[in-house]
Amino acid sequence: MRLATWNVNSIRARVARTVEFAVRENVDVLAMQEIKCRPDQFPYGPFEDAGYEVHAHGLNQWNGVAIASRLPVDDVQTAFDGMPGFAKGMEGPDRPLEARAIGALVDGVRVWSLYVPNGRSLNDPHYLYKLDWLAALRGHVQAELARDPHLPMALVGDFNIAPTDADNGDPAVVEGVSTHVSPREREAFHALEEAGLADVVRPLVPAGFTYWDYKRLRFPRNEGMRIDFILGSPAFADAVTGASIHREERKGEIPSDHVPVVVDTDFRADDDDDVPMIFG
DNA sequence: ATGGCTAAAAGATTTAGA
């Protein structure tokens, strides 16, 4: 399975480019974030023409996530257990859920396309929402792996956290002042690793950003951030054979401000009860 | 212009992004 994640920043604005990438790069499963539309507005045609089945979750022009796959898809879910909601000026557990997660069983692999809340600023309610959301995600991962330690699972998407100082090259994003680099966000990211997930791209692609702001020549100056990740359970991580960050997708006509991140795996769904192959 | 760009919409400004 070749799995990719990409914050497309509006699928309607960039559908041709998105599908061209998936086809050209031989992507089997493409997790998208910030599709910025409802399912009834999603441009399914170009994906289906290229052999992809799309499952989209969007409520309005904000957020929105999707999974496009040319492998069999089952058990689609539009929130993980315990995922909190958010609404401006509203507190507490009754806040409505946003379209920030879609999960599916794809050829035996549990894939989650995630768009972690931005946080906005350290003193904004959205920041606490971000931390709550990440804590709930950690809880979900722990429960899933407690239930089945061998579960092949990939959490992919825009985590809106630069886990190390080297992951932030944007001079406007400052430790102690900005979201994405604050200690509590970084702790929340590491808690996902403590829960049993591993960044499966980092060992193969140690350096490089996945996002550059549209403003202030951030891309030509290479003042970006590494905030898009593919986190795998042990069974998933063991199957990874390659990884790449597609910096070239930040160039050209109307690019997203994020680029795709890709992993190759040799995972087989029936590894646990492998049947010997008989030839002839 | 103090976010110097981009996208979407209950749009001609506002909200959101990171």
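Throughout, a chain's letter reflects where its sequence line sits, starting with A, and its residues are numbered from 1. Please read all numbers here as calculations on a predicted model, not as lab measurements.
Comparing the same atom, C1', in B/dG3 and in B/dA16 gives a spacing of 11 Å after rounding to whole Å. Between B/dC5 and B/dA10, the distance separating the two C1' atoms is 25 Å to the nearest Å.
Applying the ring-ring contact (aromatic ring centres under 6.0 Å, His included) rule to A/His258 yields the partners A/Tyr211; only residues at least two apart in sequence or on another chain are considered. When the ring-ring contact (aromatic ring centres under 6.0 Å, His included) test is applied to A/Tyr115, no partner is found at least two apart in sequence or on another chain. Residues satisfying the ring-ring contact (aromatic ring centres under 6.0 Å, His included) test with A/His246, not counting sequence neighbours, are A/Phe21. Partners of A/Tyr44 according to the ring-ring contact (aromatic ring centres under 6.0 Å, His included) rule, which considers only residues two or more places apart in sequence or in another chain, are A/Phe42.
The salt bridge (Lys or Arg N to Asp or Glu O under 4.0 Å) contacts involving residues 52-72 of chain A comprise A/Asp28-A/Arg70, where partners must be two or more places apart or lie in separate chains.
Between the CG atom of A/Asp124 and the P atom of B/dT15 there is a distance of 13 Å, rounded to whole Å.
At the heavy-atom level, A/Arg226 lies nowhere under 4.0 Å from the strands shown. If you check every strand for non-hydrogen atoms under 4.0 Å, A/Tyr115 touches sugar and phosphate atoms only.
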Exercise. Using a cut-off of 4.0 Å between protein heavy atoms and nucleotide atoms, how would you tag nucleotides 3-12 of chain B 5' to 3' with B, S and -?
Worked result: BSBSSSS---
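Summarising the geometry of A/Asp107 relative to A/Met1, their closest heavy-atom pair is CB-CE, 4.1 Å, with the distance given to 0.1 Å.
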